[in-house]
Amino acid sequence: MQMIQETADLSAYLAADEVIDHHHPLVRETAAGLAAGVADSYEYARAAFEFVRDTIPHSQDSGDLRVTWRASDVLEQGTGICYAKAHALAALLRAEDIPTALCYQKFEVLHGLVAVRFNGAWHRQDPRGNKPGVDAQFSLDGERLAFVTDPEFNGLDYPVLYAAPHAVVLDVLKAAPDRPHLWRTLPTAL
């Protein structure tokens, strides 16, 4: 799939905003801790990916009813669905000057993931969290995502790389008082 940058300006994929708040002290502290144990930006990206994938449970898998959407809140509360976990990973990567985009897949509902830019190319990564039947891995040598879309079942990989969360996703997250409500209102398309 040919990925399309929403904007040609790479600095947009390093920016902080109210969602990807990588200037927040908790994000900076977490990033510094992860960076201390690695030799280069590639190792850092892998460490940040594994941290979000493995230490922040997907709220559906853990049964957590809280809805998080801001990166610092995901780190503080230790929970989030795919979109929120993607926001947290984007913040950790951008905190260390690694261009990171948000991207989406469509199944019955939208699924959120990120793309990182290394060696002049974008590489999608899915920090959703592993469980039986799901084995997402950090990879720059071919995708190892949580889910593979199947056009026969109306699956779709959206090619656009967004600098900020899509409004359709963010509006639903912000409006949900809890995960059961969120599950009833998840977007089905961009």
Side-chain angles (χ1 to χ4, degrees), residues 1-17 19-24 26-56 58 71-72 74-75 80 82-107 110-130 134-151 155-166 169-170 190:
M1 173 181 70
Q2 179 68 31
M3 291 182 267
I4 304 164
Q5 288 181 207
E6 175 186 35
T7 176
D9 181 4
L10 271 181
S11 68
Y13 299 99
L14 293 168
D17 59 28
V19 178
I20 303 171
D21 58 342
H22 64 74
H23 295 307
H24 188 281
L26 180 56
V27 176
R28 301 301 299 175
E29 178 185 322
T30 304
L34 291 167
V38 299
D40 58 29
S41 60
Y42 172 78
E43 286 184 24
Y44 174 81
R46 179 185 298 278
F49 169 84
E50 290 174 353
F51 173 81
V52 172
R53 182 195 64 193
D54 298 343
T55 65
I56 299 172
H58 188 286
S72 58
V74 174
L75 295 177
C82 61
Y83 314 126
K85 291 181 67 153
H87 300 163
L89 179 56
L92 290 172
L93 294 170
R94 290 181 184 186
E96 291 295 316
D97 295 320
I98 298 171
T100 307
L102 298 164
C103 43
Y104 303 93
Q105 295 176 306
K106 178 189 180 298
F107 299 97
L110 288 180
H111 175 62
L113 49 155
V114 304
V116 296
R117 188 162 177 89
F118 277 104
N119 303 321
W122 290 99
H123 307 273
R124 293 190 308 167
Q125 312 295 326
D126 191 344
R128 183 231 177 266
N130 290 338
V134 176
D135 184 28
Q137 301 295 323
F138 184 85
S139 175
L140 302 182
D141 300 319
E143 294 184 337
R144 299 280 311 275
L145 305 176
F147 308 108
V148 177
T149 58
D150 186 343
L156 174 67
D157 286 301
Y158 287 97
V160 177
L161 300 169
Y162 295 94
H166 196 285
V169 170
L170 193 54
L190 291 179

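Given the structure is predicted, the values throughout are model-derived calculations rather than measurements.
- Taking 4.5 Å as the limit, every side-chain heavy atom of Leu34 sits out of range of all side-chain heavy atoms of Arg46.
- With values rounded to the nearest 0.5 angstrom, Tyr158 atom OH is found 4.5 Å from Leu190 atom CG.
- Using a 4.5 Å cut-off on side-chain heavy atoms (C-beta onward), Glu96 and Ser41 make no contact.
- Counting only distance, with no hydrogens or angles, the side chain of Arg94 and the backbone of Ala16 share no donor-acceptor pair below 3.5 Å.
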Could you please spell out the steps behind the side chain to side chain contact (heavy atoms under 4.5 Å, CB included) verdict for Val160 and Tyr104? CA-CA 8 Å; Val160 177; Tyr104 303 93; over 6 Å; no
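- Taking the six-membered ring where tryptophan is involved, the planes of Phe138 and Phe49 are tilted, since the angle between them lies from 30° to 60°.
- For the residue pair Ala12 and Ala163, the shortest heavy atom distance occurs at O-CB, 3.5 Å.
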Let me see the working for Gln5 and Leu10 under side chain to side chain contact (heavy atoms under 4.5 Å, CB included), right down to the final yes or no. CA-CA 9 Å; Gln5 288 181 207; Leu10 271 181; 4.1 Å; yes
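- Atoms CZ and CE, from Arg124 and Met3 in turn, are 6.5 Å apart once rounded to the nearest 0.5 Å.
- In this structure, Val74 and Val52 have side chains that are not in contact, with every pair of non-hydrogen atoms separated by 4.5 Å or more.
- Closest non-hydrogen pair, Gly112 versus Asp126, comes out as O-OD1, 4.1 Å.
- The heavy-atom pair separating Ala88 from Ala71 by the smallest distance is CA-CB, 3.8 Å.
- For the 3.5 Å distance criterion, the side chains of Ser11 and Asp9 qualify, holding a donor opposite an acceptor.
- Residues Ala31 and Leu92 share a closest heavy-atom pair of N-CD2, 3.9 Å.
- Side chains of Leu161 and Ile4 form no contact here, defined as non-hydrogen atoms less than 4.5 Å apart.
- To the nearest 0.5 Å, atoms CG (Asn119) and OH (Tyr42) are separated by 10.0 Å.
- Put simply, CG on Asn130 and CD on Glu50 are 10.0 Å apart, with the number rounded to the nearest 0.5 Å.
- Put simply, the side chain of Leu93 reaches to within 4.5 Å of the side chain of Tyr44, judged on heavy atoms.
- We find the CG-CG distance between Leu75 and Leu26 to be 5.0 Å, quoted to the nearest 0.5 Å.
- To the nearest 0.5 Å, atoms SG (Cys103) and CG (Leu113) are separated by 4.0 Å.
- Put simply, the side chain of Thr7 reaches to within 4.5 Å of the side chain of Tyr13, judged on heavy atoms.
- Heavy atoms only, all atoms of each residue included: Arg28 and His23 are closest at CG-O, 3.8 Å.
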Between Ile20 and Thr100, does a side chain to side chain contact (heavy atoms under 4.5 Å, CB included) hold up when you go through it step by step? CA-CA 10 Å; Ile20 303 171; Thr100 307; over 6 Å; no
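- Residues Pro127 and Lys85 approach most closely at O-CE, 2.9 Å, considering heavy atoms.
- Between Asp150 and Phe107, the closest side-chain pair of non-hydrogen atoms is not below 4.5 Å.
- Under the 3.5 Å distance criterion, the side-chain polar atoms of Gln105 are matched with a main-chain donor or acceptor of Phe147.
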Start with the C-alpha gap between Arg53 and Gln137, add the side-chain angles, then the distance that decides, and say whether side chain to side chain contact (heavy atoms under 4.5 Å, CB included) holds. CA-CA 9 Å; Arg53 182 195 64 193; Gln137 301 295 323; 3.4 Å; yes
